[in-house]
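Please read the structure below before turning to the comments.
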Amino acid sequence: MELEQPAISDTGDFTINMGPQHPSTHGVLHLKVTLNGETIKNVEPHLGYIHRSIEKMSEASTYRNFIYLTSRMDYLSAHMNNQACAMVVEKGLQLEIPPRAKVIRMLMSELTRLASHQLWWGALGLDLGAITPYFLGFRDREEILDIFEETCGARLTMNYNVPGGLMYDIHPNFVGKVKTFLKNFEDHLPEYKQLLTGNIIFEERTKGVGILTPEDALSFGCTGAVARGSGISCDVRKWNPYDGYETVQFEEPMETGCDCYSRYVVRIREMEESVKIIEQLIDNIPEGEFQAKTKVVLKVPKGEYYTRVETARGELGVYLVSDGSSNPYRIKYRSPGFSNLAALNTMAKGNKIGDLVAIMATLDLVIPDIDR
Amino acid sequence: MAIKSLVSGMRLTGYYFTHHKEILTQEYPDNRETLTFGERFRGEVVMPHDENNEHRCTGCTACEIACPNGTIKILTKMEVGEDGKKKKAIEKFVYHLGMCTFCNLCIVACPTDAIKMSHDFEHSVFDRKQLTKVLNKPDSKIVKGVE
Amino acid sequence: MFSFYDISNSIHQWLSSQMGSTAVMLIEMAIVGVLAISLFAFLGLLLVYMERKVAAFMQLRLGPNRVGWKGTLQTLADTIKLLFKEGFSPDASDKFLFNFAPILVIVVAMLLLAPIPFAKGFQIYDINIGVFYISAVSSIGVIGILMAGWSSNNKYSLLGAMRSGAQIVSYELSAGLSLVVIVAFSGSMSLTQIVQSQADGWWIFKGHIPAMIAFVIFIIAGTAELNRAPFDFAEAESELTAGFHTEYTGMRFAMFFLAEYINMFIMAAVGATLFLGGWMPLHFGNLSGFNHIMDFIPHIVWFMGKTFFLIFVLMWFRWTFPRLRIDQLLTLEWKYLMPISLFNLLLVALVVIKGWHF
């Protein structure tokens with residue numbers, strides 16, 4: 001039997017367990033943090049507290065049925081997860097979805113991205129000790145969720161995508177509500193900057209904290225705002241356009257600060273870009289079918305298929321191996337949160353505990369996405 | 001500069017402190033009567049019956065197949081119709097609310113629009129058994145003409 | 001006119017006519033004790049309610065609104081709940097220190113109540129070194145926090161307590177130096193005399209720029225001493241779960257909680273007394289009509305109004321700003337506030353010697 005480790009070692013290092021019940025790990029992430037005083041020596045993430053074997057469950061379901069499970073991975077970008085899964089089945093079936101469905105999918109994705117970033121912004125404020133941003137973020141998120149509820153029937157786990165298009169057509173109120181939301185959000189976005197972006201305390205807390213060099217970002221496979229904050233262009237919507245992203249004009253926001261503040265600014269600018277995309281599309285939803293004709297039982301031909309989408313956290317890849325039956329033979333999700341979490345130790349070493357919280361907040365971790 | 005940034009933040013919270021019309025709180029149990037939902041809101045699966053205690057379910061089990069978690073179980077029986085022919089009909093449409101993820105796939109799969117999502121969202125009960133529901137009412141029949 | 005001074009005086013005279021001086025003193029002490037404790041309880045309830053309402057309105061919420069009219073009885077209900085909770089203490093904790101820490105913290109808060117003049121001639125103990133007494137006694141509170149953190153046998157608690165120790169020891173300096181500014185202006189350490197010296201105008205108006213600087217530094221240092229956001233390192237919810245009182249439950253936790261709010265009241269009261277004239281009404285030089293109207297407002301209203309204004313400012317800070325980091329906190333003190341305070345003190349000395357203030 002191994003002897004119990006002393007609480008404090010000879011070098012004065014000691015270990016604390018942050019999580020799985022901790023206010024700022026946003027779920028059941030368990031970090032084993034080795035500290036020397038307030039300074040972080042090592043961070044060791046322990047996973048598995050919310051493993052639900054979504055990949056294995058997907059293998060037991062049919063091609064129509066497995067999509068809804070992915071809403072429960074990264075629940076803040078549920079629509080994009082569903083879209084990636086629908087796309088991989090469509091790729092296998094060589095199905096071209098109608099233009100109306102494409103535009104609606106894009107609109108929904110951008111709205112989801114906005115909702116996710118709004119929650120992230122609020123939670124970031126919460127982690128840094130400012131509680132008010134949380135409620136302001138939720139105020140705007142609530143409007144988007146109301147739009148989702150009306151069109152998709154659910155607020156969080158929408159399951160609006162099906163192989164071949166969408167489950168329903170958009171609700172008649174959709175266009176009007178999105179326009180109202182855009183108008184409100186235009187007024188509210190400056191408040192975000194007023195409360196956090198320009199704030200001297202916030203800048204002190206985030207600038208130069210949690211440095212992730214571009215090389216490290218590449219080697220850890222970071223994507224999304226985490227990589228873009230380090231100056232790496234990795235937007236799937238730009239590099240590998242899907243579902244009509246090649247038709248819209250938007251910029252890929254990038255910062256070269258490599259610190260928490262850059263990642264913050266990237267996400268704030270991403271919100272502005274999302275608003276731009278929605279503005280381009282909302283008046284130009286083409287008429288027509290919202291769903292391609294599909295068979296009742298889908299059978300993807302034998303082969304291997306891979307699709308990727310840009311979720312609010314980064315690149316989500318879905319790798320499907322089909323043996324020609326009505327169930328997937330193997331499904332593998334490459335989730336953005338998992339790769340981004342890998343960089344945590346590199347970023348946090350040598351910083352203070354307070355910085356660890358800030359770094360985790362700017363990684364924008366969603367624990368069910370990491371564990372699946 | 002630094003102080004200006006702090007003051008601008010305080011101006012915002014001060015604005016909200018004095019402008020109470022911006023308050024968003026919904027006092028939930030009190031506003032039950034006036035709560036509104038989108039018409040597609042997914043509360044729980046129900047089977048509408050008309051005034052003659054008739055439903056539209058043929059017992060084709062399309063929903064049972066479409067359901068990803070085995071929430072729906074349809075028990076069928078053979079029934080002698082008015083024309084003397086034997087016909088499949090449902091005996092019990094069992095719905096396990098506790099397992100339902102409200103994915104809407106059963107509703108989409110149903111060929112006869114026999115089931116739909118209600119707007120009732122207050123599902124909590126003290127006994128788990130109450131979550132297993134039989135959706136067809138006792139002695140209900142299928143609407144004539146639905147095949 | 002209605003005055004607390006008359007009431008306390010008449011009670012004193014009545015008691016003196018009835019019995020000997022020792023008995024009078026004992027009875028008066030008992031009365032003061034009861035009054036102090038009831039003020040404590042009332043302030044605790046009121047300030048927690050106020051904080052929750054202020055926070056709610058700043059965050060687009062309604063706040064407590066179920067128990068009593070507009071939720072006014074909510075804090076009372078919470079107190080009753082805390083009374084019934086189990087007083088749990090961790091296995092390997094130092095039981096004596098663990099139980100003693102909350103009592104020490106709350107006793108310190110109570111001691112601080114003594115020299116504060118609530119109205120003209122109405123204070124518990126008119127000590128002639130009141131300012132010194134306040135800055136001396138308020139630094140004992142940190143020992144209670146350190147005891148709580150150490151005895152809990154929890155690394156989060158210990159970290160929180162150590163942070164709090166470093167923080168209060170450093171901010172004690174600039175808080176003290178900003179108090180010295182007013183002492184220099186008024187030439188007295190007695191809070192009564194400081195208030196009296198503001199009869200023709202509050203020090204924040206009379207004292208030119210040095211008083212303003214001292215006031216700002218006092219507010220910042222005071223917030224830090226109270227362990228409130230943006231300086232709430234001892235608790236730092238998102239970092240240390242609950243800091244030094246992680247392991248405290250029930251009434252012991254409530255004592256820490258109560259002490260925090262009482263300290264906030266005392267901090268605001270000291271600030272109001274020294275910089276904003278205490279119970280002294282707002283007077284402008286020679287507008288005798290205006291001054292006369294102001295005199296009609298009772299002193300206690302002036303005092304409470306100023307105090308609660310400062311408390312509101314503290315709450316406003318808390319619900320707006322993010323938290324600093326521990327090293328930035330110490331940098332702020334030792335590299336900015338402390339040199340500024342020292343320089344400010346020189347300036348004050350100059351102003352006082354030359355008689356530039358009004």
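Numbered from 1 within each chain, the chains take letters A, B, ... in sequence-line order.
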- Task: Decide side-chain contact (heavy atoms from CB on, under 4.5 Å) for Phe138(A) and Leu24(B); before the verdict, give the C-alpha distance in whole Å, the side-chain angles of both, and the deciding distance to 0.1 Å.
- Result: CA-CA 10 Å; Phe138(A) 256 84; Leu24(B) 300 164; over 6 Å; no
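With values rounded to the nearest 0.5 angstrom, Asn173(A) atom CG is found 8.0 Å from Glu39(B) atom CD. Rounded to the nearest 0.5 Å, atoms CG (Leu105(B)) and OH (Tyr68(A)) are 8.5 Å apart.
Other residues, nucleotides and ligands contribute only 12 or fewer heavy atoms inside 6.0 Å of the NZ atom of Lys299(A). Under a cut-off of 6.0 angstrom, the local environment of OH in Tyr329(A) is sparse, with at most 12 non-hydrogen atoms contributed by other residues, nucleotides or ligands. Within a 6.0 Å radius of CD in Glu59(A), more than 12 heavy atoms belonging to other residues, nucleotides or ligands are found.
Contact tally against chain B (heavy-atom pairs below 4.5 Å) for Lys193(A), Glu204(A), Glu150(A), Glu149(A): the top residue is Glu149(A). Among Glu142(A), Arg139(A), Met158(A), Met57(A), the residue with the largest count of heavy-atom pairs under 4.5 Å with chain B is Arg139(A). Among Ile201(A), Thr151(A), Thr132(A), Thr197(A), the residue with the largest count of heavy-atom pairs under 4.5 Å with chain B is Thr151(A).
The nearest pair of heavy atoms linking Arg11(B) to Gln194(A) is NH2-NE2, 3.9 Å. Closest of all the heavy-atom pairs between Met167(A) and Cys103(B) is CE-O, 3.6 Å.
With sequence neighbours left out, the salt bridge (charged side-chain N to carboxylate O under 4.0 Å, His left out) criterion links Asp146(A) to Arg155(A).
Contact check for Val108(B) versus Arg64(A): no side-chain heavy atoms found under the 4.5 Å cut-off. Side chains of Tyr16(B) and Glu191(A) form a contact here, defined as non-hydrogen atoms less than 4.5 Å apart.
Within the 4.5 angstrom heavy-atom criterion, no atom of Ile67(A) approaches chain B.
Taking non-hydrogen atoms and a 4.5 Å limit, the residue list of residues 64-71 of chain B in contact with chain A, ordered by number, reads Ile65(B), Ala66(B), Cys67(B), Pro68(B), Asn69(B).
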